[in-house]
Every structure is written in structure tokens, then in C-alpha cells.
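Written below as C-alpha cells is the structure these notes are about.
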2 protein chains.
Amino acid sequence: MKNIALPKKDDFIPHLAYDAVIFGFNGTELKIVVLEYRKTNHFALPGGFVQHKQNLDDAVYQGVKNRTGLTDIQLEQCHTFGNQKRRDKKVLKDICKVHDHQINDDHWLLDRFISICYYALLNFEEVTLQPDELSDSIGWYSLHELPELILDHKEMVSKALEVLQKNLDEKLVGMNLLPEKFTMKDLQNVYESILQKKLVRTAFQRKILAKDILIRHEKKYTGKAHKAPYLYSFKLV
Amino acid sequence: MKNIALPKKDDFIPHLAYDAVIFGFNGTELKIVVLEYRKTNHFALPGGFVQHKQNLDDAVYQGVKNRTGLTDIQLEQCHTFGNQKRRDKKVLKDICKVHDHQINDDHWLLDRFISICYYALLNFEEVTLQPDELSDSIGWYSLHELPELILDHKEMVSKALEVLQKNLDEKLVGMNLLPEKFTMKDLQNVYESILQKKLVRTAFQRKILAKDILIRHEKKYTGKAHKAPYLYSFKLV
DNA sequence: TTCTATTGTATCGGTTAGATACAATAATAC
DNA sequence: GTATTATTGTATCTAACCGATACAATAGAA
């Protein structure tokens, strides 16, 4: 096995990390990206560090872009996690062991880290997930079937979902989670996935149409034995 | 003049700071705490650094407590500011010059800092503001009469107010800004100060009473020639 | 006693969301 | 062709809520 280089200390701001809750919508369900460190059984959110001459937002954008291959990403900051206990030497040592790395107790990656959590919304269909050197498994997980995550990453997911819910009406969240054209039912599915509750179909349709944010296109014939729904796209403001 | 010690590098996490937008309500208007560095004409939000073995939240709490003398503080995290350009060597050099400090270009305080912004709500009447060693002026400023603030502190104030507005109904913000007993008009003034707009008196009263969060006490006789308002306090949940 | 400003509450009208109803329709079964 | 079926788009009814208005109940001054 190749001996992989760890991130170098001097490139990055010490004690500072970011983590991203990357949301995608597969047509039915909300999913997030989780990676597994090679052969360690440790699951984590994708994250990274901030370079000394790099804006925080840009660091996160680059990180998500590298993982997903996409450039059209809606990023929002959720919360900064700064508990002094958020460190776990065992996890990193397990990871290093697999890679035949020696790591000393005073290695900078074993320090206490403050992490800024973001959520990202992007088009599920266009993504090809890229594992990095330290992780050989990266994939989409349903919110209800998450593996156990390291540190406080589970809490990050909760916080991200909470912030996403609050932003839902205001920030036109649907845009990035759906393909360009979609049906009203698709949009309702996105809303229901995010809010984690059923919505009333007729009221939902009425409310969305009243917002005057959609363009109605041709019908979508699915081959099913019932009235075909219209396709919509978002009005670009 | 006494030569004051600067914070020591090794005590704190480098490149990381917090700043606090401390809100108080003087009965009429919303105010925030701003400090001025001695004889420099530089105004800033109160802030500080995080010790290596200290929770982020605790650091902010301690800082606000030290400045205000209060222990009953409602703290909420607003946003983390991580722009690479948020540094201003001139400011710190001006401050040090006044104190006859020599400061080198590579001093840690001149580095680029990421700052986590919090807002704090507390009882205006109970506060005695404490300037620290580097600032000889600390005071309450109305939101509309803020002096020019260093770095992105003005943006922090905007963000704090925005988050406060969003949290208003949910987090029962009024509690910490008012004395134990208050009139409906006092509470409405708090709401109007935060939302920066006039509210309809009768609708406000109806909405608040419907929430069932207040206890009605005796009337408050102000000596004015009109019906005396009731005093209320918050129900403790 | 009258007057004035403010408070507490009730009522009316408009808006919004949930519930229900129903027509339109795309494909299938016959 | 015609009936059948599931889904969609829209209209209508009702309950909840907010702004606007009205008005009675004061506490003190004139």
C-alpha cells in the first residue's frame, strides 16, 4: 500500500477545520454524503482545513467541489462547534495505522479542533463522488440510515437540517436540489424530505404557485394511466 | 503610563477570536456595548480569545461576564467570519504605541484571525461595564449612532441583529432584556426595537397573551393621567 | 365633575391554510 | 370505442390569524 502524505501542518490554520453536510435529493429522499476511512470502520462528514491565505467560505467551496466534481453549489454556514473535548486520538491513529504512518502524540492533527459546519445543496444526478487519499469509501446515505459518525458529526447533521428547514422558504432551497425541470410533486417531495413531514398537496400547490417563482412548461408523460403533470422550472431572478 | 501586558500567544488558540454583540434595552431603545481603545479613536466590539483547554461557548461567556459583571446572560452564536482580509495591522500598532509597546510585524496578534460572532442579551439596568487594560472607554451605543467600527465589526452587528430578529418569537428573547416585571408596552418596545418597525398595539397584545407565557401581576401606577397598565412577568417553563 | 391619554378587549373584514369536492386527463382493460 | 383508474389542477368551504376600528375602563389633572 502506498504511504500517503498527511496534510502538512504549515499549510493550514492550526486547530481549525470545516465540515460539510452535503445534501442531495434522489427524486424521493434526502441524502447526505458520508465517507469511511479505509478499513477503520470510522465514518465522517467530508471536511478539511483552511489555508493561511484562503477565505473560509472558499476553503469549504473548494472542498465540496473536489468531493463532488460540481461547481454549482449552494453553501450556507450552520454553526461553529468549539467544544474542547471534540478530539479523538484513536480515530486518527486508526487511520494512520492502516496507511503505515507513524504519528506522534503531539502531531497537529491530534490537537483540539474548532470546526465550522456548513451545509451544501447540489444536484444529486450530476455528482460523481471522489474519495480522497485517506478514504476509500464515499457515498450517499439516507438521513435515517446513517452509520455512527465520529466526534460530533451526528450533531452537525442535525444542526444542518435544522438550519436548512429554517431557510427553506426564504432561500429558495429547492433550486439546487432538483434538475432544471421538475413536477410539482417533485418539489413537494423535496419540501417534505427537508421538513420531515407530509404536506397537504392542494395547499402546497396553491402556495408555491402564488409565490410566482415558477415557469410552467410542457407536460410530462410518464406512461402512467392518469393525467400528466406539468413540468416547471424556477424563474431566474 | 503603566506598560500593559498583551495577551500571551501560548495561552490561546492562534488565529481564532470571538466577538460579542451585547444587547441591552434601556426602556426605550436597543443598545449595544462598544469599546474604544485608549486614545486611538478605534472602536470595536468586545471580544477575546479562546484558551487551549476552554470550550468556545465558555470563553465567550467568561468574556461577556467580565465586561458586564453579570452571570445571567443569554448567548447565541450568530456567524463565523473567516475572510482572509480581516486583519488590520495599523489598528493594533496604534493601540500598542499608546501603551509604549514594541510590536513586531510577525507578532501573533497581527495574524489573520477567524472570529466567531455571538450576541448576548442581558439586563441593561444591572450592568456595570468594565473596561479592560487596553481600552479606557466602554459604553452603550444606540444602533443608529454607532461610531465607525474596526474590521468587519459593523457587519457583525448587522448579522447579530438579523439572527436576533429570526430568533425573536422562538427563543423568548424578551426575557433577558427586561426587568422581572414589565408592562405590555415595555415588551412591545423591545419587540419594536429588535424588529426595527412599529407593531400594531392591539394585535401585539392579543398575540402575546395568546402565547400564554406571561403572568399578570398588580397594576403599575406611574402618576400619569390615564388607566394604569398591568405588570407582567414571564412564566418560567 | 369633567377632561385627557392610555390600556384592555371585542368586533369586522381580508388573507391564508387545511379539508373537501370535482372536473380533466393519460393510459389500460374490456 | 368505451369504461376504468390514478393522479393532477383548481375551486370552494371553513377555521385561524392579523390589521383596523371601536369602545369601555380607568388614573390623574383641570
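Every heavy atom of this structure was used, including side-chain atoms; hydrogens, water molecules and symmetry mates were not. Every chain is numbered from 1 and lettered A, B, ... according to where its sequence line falls, protein lines coming before strand lines.
At a threshold of 4.0 angstrom between heavy atoms, the contacts of B:Thr183 with the nucleic acid are absent.
A heavy-atom distance below 4.0 Å to DNA chain C is reached by these residues of residues 203-213 of chain A, ordered by number: A:Ala203, A:Arg206, A:Lys207.
Protein atom NZ of B:Lys220 is 10 Å distant from nucleotide atom P of C:dT7, rounded to whole Å. Distance NZ (B:Lys185) to C1' (C:dG8): 13 Å, rounded to an integer number of Å. Between the P atom of C:dG8 and the CG atom of B:Leu187 lies a distance of 12 Å, rounded to the nearest Å. In this structure, the CG atom of A:Leu199 is 15 Å from the P atom of D:dT8, given to the nearest Å. Separating the CZ atom of A:Arg201 from the P atom of C:dA17 is a distance of 16 Å, rounded to the nearest angstrom. Taking atom NZ of residue B:Lys198 and atom P of nucleotide D:dA20, one finds them 14 Å apart after rounding to whole Å. Here C:dG8 presents its P atom at 14 Å from NE2 of B:His217, a figure rounded to the nearest Å. Distance CG (B:Asn189) to C1' (C:dT6): 14 Å, rounded to an integer number of Å.
Geometric assessment of A:Arg216 against the ring of A:Tyr232 yields a negative cation-pi assignment under the 6.0 Å and 45° thresholds.
Atoms CG and CD, from B:Leu164 and B:Gln74 in turn, are 9.0 Å apart once rounded to the nearest 0.5 Å.
Among residue pairs with one or both ends in residues 144-161 of chain A, those qualifying as side chain to side chain donor-acceptor pair (under 3.5 Å) are A:Arg86-A:Asp152; sequence neighbours excluded.
Between B:Phe49 and B:Phe113, the ring centre distance stays below 6.0 Å. Side-chain rings of B:Tyr118 and B:Tyr18 stay apart, their centers remaining 6.0 Å or farther from each other.
Distances from the side chain of B:Thr202 to the nucleotides C:dT7, D:dT21, C:dA21 place D:dT21 closest.
Of the charged side-chain nitrogens involved, at least one lies within less than 4.0 Å of a carboxylate oxygen, so that B:Glu29 and B:Lys31 count as a salt-bridged pair. Taking 4.0 Å as the cut-off between side-chain N and carboxylate O, A:Lys207 and A:Asp169 count as a salt-bridged pair. By the 4.0 Å N-to-carboxylate-O rule, A:Glu192 lies too far from A:Lys197 to be salt-bridged with it.
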Table of protein N/O atoms under 3.5 Å from nucleotides 27-29 of chain D N/O atoms:
| residue | atom | partner | partner atom | Å |
| --- | --- | --- | --- | --- |
| D:dA27 | O4' | B:His226 | O | 2.6 |
| D:dA27 | N3 | B:Ala225 | O | 3.2 |
| D:dA27 | N3 | B:His226 | N | 2.8 |

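Shown here for A:Val21 and A:Cys117, the closest heavy-atom pair between the two residues is CG2-SG, 4.1 Å.
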